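Here the structure is a predicted model, which means the values were calculated and not measured. For ligands, and for the atoms within them, numbers begin at 1 and follow the listed sequence.
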Amino acid sequence: MRVLYVASEAVPFAKTGGLADVVGALPKFVRQLGHEAVVVLPKYRGVKARKALLPSLTIPLGNSMKFCAIHESEPVEDVRFFLVDYPDYYEREELYRHAGHDYPDNAERFALLSLAALEFAKRAPLPPEVIHCNDWQTALVPVYLKTLYRNDPFFEKTKTLLTIHNLAYQGVFPRSVMTRLGLPLELYNTEQMEFYGNVNLLKSGIVFADKLSTVSEKYSREIRTAEFGCGLEGVLQKRAADLTGILNGVDYHQWNPEQDPWLIANYSAEDLQGKQQCKIDLLHQFGIQDSQERPLIGIISRMADQKGFDLLHAVAGTMVQEGFSMVVLGTGEERYTRFFLSLQEKYPAYVGAKITYDDWLAHKIEAGADLFLMPSRFEPCGLNQIYSLKYGTVPLVRATGGLDDTIQDFSQSPNGTGFKFDRYAPDELLATARRALEVYRTPSRWKALVRNGMKRDFSWQRSAQRYAELYESLV
Ligand code: ADP
């Protein structure tokens, strides 16, 4: 099969979250199954590319013509990445927003990406059989295919899959955007693109895509309920027969303590010695001196309500008083960044916080921490808890979405891999942390728990196989 991926981010080119990890990895593994896989992305500031492959591609967007170029990057392990070059839209400080505000022309920016991907596809001798779109930024691909391109024989057999990586981000814009996107106003109705007086791009993709998927089984069920559906539960219920949950995999070339080049020492489930050295190194990185004996909690996260930071805000101080140390790496809402900086100030011997985005440090935290905390309110898949398993860092999570699908509670089974709580409440988080502390104090039990997690396999092979089956069901 020929599969074309369209996305707004992918490792190693641009990343703000888990979407980039998925788009950076999945095509490689789909290729290994014998299919063709190419990726189209925007050429953001700093993204390196070879000379333009298509120096001039004319894209009609609304009432204007956009002249962009398509560059090819160096291939990444056999997968070809094509970059849409339109500096006016993509040469910016950040991907989607700056100084706390979304870019006002985001609808046009990502409509151009979607259209450029289709026009680029048309320059190939054969059409893609599947276009795999991701999140609201590329949700217009199925809309354009079924409207503007409806009579284009080139795409006659092309099918679309839209993967929802996070339903909370929908791409909502005023009605006036319809003309700027070149879409007929008939589509502005409750059954198609309209959403409470605005245009909702994710909803539109959900309506128009041939199949839908999301990134864990549990989340695929949750999003059909009012609690998790973010207003789209009705539309998703209607499309339930076409909605699948496929858990994200992990690229163990990048996330593996046995060969991670960023660690001070490598280690494995059989020989855990290096992990203690990683802990000492991590404490040193955060300027914490006296905490070697205390269980060290790691947090790497966008600091947003979704990630359970209101719970942490309520109990992190008590957790430190009760015996934990904590290192936090993240960016996001100011009330949370300020909270952790003040916690660090209050307990400099036990708490370290860095308000930045840093891949290198993220690897060090995965390796050096004893526990990894993700008390999310909702979590489509979550990657860090899966990385943590591999690094022998025990996840403490809320039982939602992918967190629930990937972690088994050690208190309930000797094969368990972490600690989980159900009710979204600070006292539940605290009680679960106390359970973890108790196990930590019996080293033989703790070691068994660590090894249970390290033996789990969440490699991409299995998930890629499931995607390939889904593509096959489409064509
Ligand atoms: P989400 O996509 O909702 O932010 P995921 O758990 O799916 O959450 O993926 C988050 C990804 O981003 C992980 O690879 C994680 O390591 C990374 N990440 C998040 N914040 C930071 C940060 N401040 N520094 C480095 N990596 C980060």
Side-chain angles (χ1 to χ4, degrees), residues 7-26 94-97 134-137 163-170 214-216 218-219 222-223 228 230 245-256 260 262 282 285-286 298-309 327-333 336-337 340-341 352-369 372-391 393 395-398 400-407 418 458 460 463:
S8 56
E9 48 184 280
V11 167
F13 304 98
K15 169 168 168 174
T16 67
L19 166 65
D21 293 290
V22 175
V23 183
L26 175 62
E94 289 173 66
L95 268 50
Y96 311 122
R97 56 201 329 249
N134 297 278
D135 280 349
W136 71 263
Q137 291 90 341
T163 297
I164 301 164
H165 297 262
N166 193 337
L167 192 67
Y169 300 90
Q170 302 182 354
T214 183
V215 288
S216 68
K218 179 141 189 196
Y219 192 62
E222 286 174 339
I223 57 177
F228 295 95
C230 305
I246 303 178
L247 200 66
N248 288 336
V250 173
D251 190 343
Y252 287 125
H253 289 297
Q254 289 196 37
W255 295 97
N256 182 351
D260 191 326
W262 286 339
L282 177 61
Q285 297 296 333
F286 276 86
I299 296 173
I300 306 166
S301 188
R302 283 187 294 119
M303 293 188 176
D305 281 337
Q306 176 204 333
K307 301 290 182 181
F309 276 85
V327 291
V328 185
L329 169 66
T331 54
E333 287 175 37
Y336 297 132
T337 56
F340 279 109
L341 290 173
K354 293 200 193 280
I355 309 305
T356 175
Y357 192 97
D358 186 337
D359 271 330
W360 178 80
L361 204 52
H363 281 247
K364 288 195 176 285
I365 293 176
E366 287 295 358
F372 196 91
L373 196 52
M374 284 178 87
S376 305
R377 186 182 284 277
F378 67 94
E379 194 61 73
C381 175
L383 289 169
N384 279 309
Q385 85 280 12
I386 315 182
Y387 303 153
S388 299
L389 290 174
K390 190 71 182 171
Y391 282 77
T393 301
L396 192 168
V397 304
R398 168 143 188 272
T400 182
L403 296 173
D404 199 26
D405 284 354
T406 51
I407 306 301
F458 287 95
W460 263 109
S463 302

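Nearest protein heavy-atom contact of atom 23 (N) of ligand 1 is T356 O, 2.9 Å.
Polar contact check, D358 against ligand 1: a nitrogen or oxygen pair lies under 3.5 Å apart. Checked against a 3.5 angstrom limit, the closest N/O atoms of G18 and ligand 1 fall inside it. Looking at ligand 1, you'll find an N or O of N384 within less than 3.5 Å of one of its N or O atoms.
A salt bridge links E379 to K307: at least one charged side-chain nitrogen sits closer than 4.0 Å to a carboxylate oxygen.
Residue C381 places every heavy atom at 4.0 Å or more from ligand 1.
By heavy-atom distance, the residue among L329, V22, D21, V250 lying nearest atom 11 (C) of ligand 1 is D21.
At a 4.0 Å heavy-atom cut-off, ligand 1 touches K307 through the side chain alone. Contacts of T16 with ligand 1, taken as heavy-atom pairs under 4.0 Å, are absent altogether.
For ligand 1, the atoms lying closer than 4.0 Å to a non-hydrogen atom of G382 are 6 (O), 7 (O). Listed by atom number, the atoms of ligand 1 under 4.0 Å from Y387 heavy atoms are 14 (O).
The CG atom of L403 lies 9.5 Å from the CZ atom of R398; values are rounded to the nearest 0.5 Å.
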